[in-house]
2 protein chains.
Amino acid sequence: MPGFILEDFLAYQMAVLSNRLSDGFSRRYRDKFGISVPEWRLVAHLSQAAKISIREVYQQVEMDKSMASRAAARLVKAGYVSKRVNPADRRLVELSLTAKGRAMAAEIGPQALDFEAEVLACLPDGERDAFRKAIRILMEKCT
Amino acid sequence: MPGFILEDFLAYQMAVLSNRLSDGFSRRYRDKFGISVPEWRLVAHLSQAAKISIREVYQQVEMDKSMASRAAARLVKAGYVSKRVNPADRRLVELSLTAKGRAMAAEIGPQALDFEAEVLACLPDGERDAFRKAIRILMEKCT
DNA sequence: TTGACCCCGTTGCAAGTGCAACAATATGAT
DNA sequence: ATCATATTGTTGCACTTGCAACGGGGTCAA
């Protein structure tokens with residue numbers, strides 16, 4: 001494999017960086033609220049839309065069906081989310097945040113923005129926007 | 001959680017993008033060679049250094065100890081890697097590519113570079129270098 | 001040489017993950 | 001009304017993963 005260096009390989013770099021970011025941020029809420037990364041993602045999505053179904057969760061947030069189902073179950077058990085059957089279509093489920101869930105979201109949200117700002121602070125001033133835009137382009141490209 | 005949008009959250013974007021890149025590339029060698037992502041990483045690292053130990057694998061490549069051990073075991077079983085005890089220090093293991101392993105590496109390496117080039121092709125010409133540099137900076141920052 | 005200590009790789013175990021099968025429900029054509 | 005088909009969420013299962021414990025080696029001082 002001539003001239004190939006794993007450390008310079010984009011897919012590898014992204015995997016490493018992604019893990020460090022997710023782990024780094026999850027440490028900030030894991031101990032206090034006892035939720036994992038998939039659970040945090042569900043809550044984050046749920047905080048933008050009063051009532052959503054499991055399907056909306058795993059389609060919009062990148063997540064397997066069963067992962068969304070189990071994350072929801074854990075959040076219900078922990079008292080952050082309530083779940084009821086949608087009366088209009090009884091196949092669907094209506095997930096919504098409880099008061100406890102809203103309180104948690106209200107605390108984690110600003111921490112998320114702080115964390116992101118801390119990370120991005122190490123990029124040169126003029127390049128932050130270009131970097132964010134590049135990420136967006138790549139995400140659309142790789143759909 | 002006012003004004004927080006998960007889709008715009010860097011850690012989330014990186015996780016999604018990282019998965020898409022790793023999956024996208026792994027599809028190109030999985031069927032033909034039957035190896036997984038951790039195994040590919042071990043091989044990639046091994047192709048730059050004739051003989052390495054398990055420890056060198058998991059320290060240099062971002063990987064758990066047990067993951068490196070098991071990836072090596074699977075690669076040995078598949079005939080891509082040979083493993084023997086280091087006679088100078090019998091705690092250590094010497095991993096090296098077999099002829100079959102070298103052949104695989106010789107085929108996957110160029111494919112990796114092609115894949116990366118395809119992905120990066122969608123970024124504006126002047127911004128590719130800046131993007132790669134930004135990734136490097138963030139990786140060092142988040143160590 | 002012995003014993004205390006450290007390092008390496010493997011393995012057991014619990015938790016997480018992806019996939020496929022499943023039951024319950026809805027839809028639509030006949 | 002009935003039956004075939006599609007959709008939703010859950011669950012079973014095999015596999016992966018991370019952590020901690022372990023056994024086998026090495027090292028160094030007493």
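Residue numbering restarts at 1 for every chain, and letters A, B, ... go by the order of the sequence lines.
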Listing request: all side-chain hydrogen bond (donor to acceptor under 3.5 Å, both in side chains) pairs with a residue in residues 134-143 of chain A, at least two apart in sequence or in separate chains.
Arg136(A)-Asp8(B)
If you draw a 6.0 Å radius around CD in Glu7(A), do more than 12 non-hydrogen atoms from other residues or ligands fall strictly inside?
no
Note, Arg30(A) side chain near Ile35(A) side chain (heavy atom, < 4.5 Å):
no
How would you list, by chain and number, every residue that makes a side chain to side chain donor-acceptor pair (under 3.5 Å) with Asp114(B), sequence neighbours excluded?
none
Centroid separation under 6.0 Å, is that true for the rings of Trp40(B) and Phe33(B)?
no
With the threshold set at under 4.0 Å for non-hydrogen atoms, list the residues of residues 63-97 of chain A touching DNA chain C in residue-number order.
Asp64(A), Ser66(A), Met67(A), Arg70(A), Asp89(A), Arg90(A), Arg91(A)
What are the bounds, 5' to 3', of the part of DNA chain D that sits under 4.0 Å from heavy atoms of chain A?
dT7(D) to dG12(D)
Residue list, salt bridge (Lys or Arg N to Asp or Glu O under 4.0 Å) with Arg102(A), at least two apart or on another chain
none
Residue-level proximity of residues 14-51 of chain B to DNA chain D when a heavy atom falls under 4.0 Å:
Pro38(B)
Would you mind reporting whether Leu138(A) and Arg20(B) have side-chain heavy atoms less than 4.5 Å apart?
no
Tell me the interatomic distance from Ile54(B), atom CD1, to dC7(C), atom C1', rounded to whole angstroms.
14 Å
Looking only at side-chain N and O atoms, does Ser82(B) offer a donor or acceptor that is under 3.5 Å from a partner on Ser96(B)?
yes
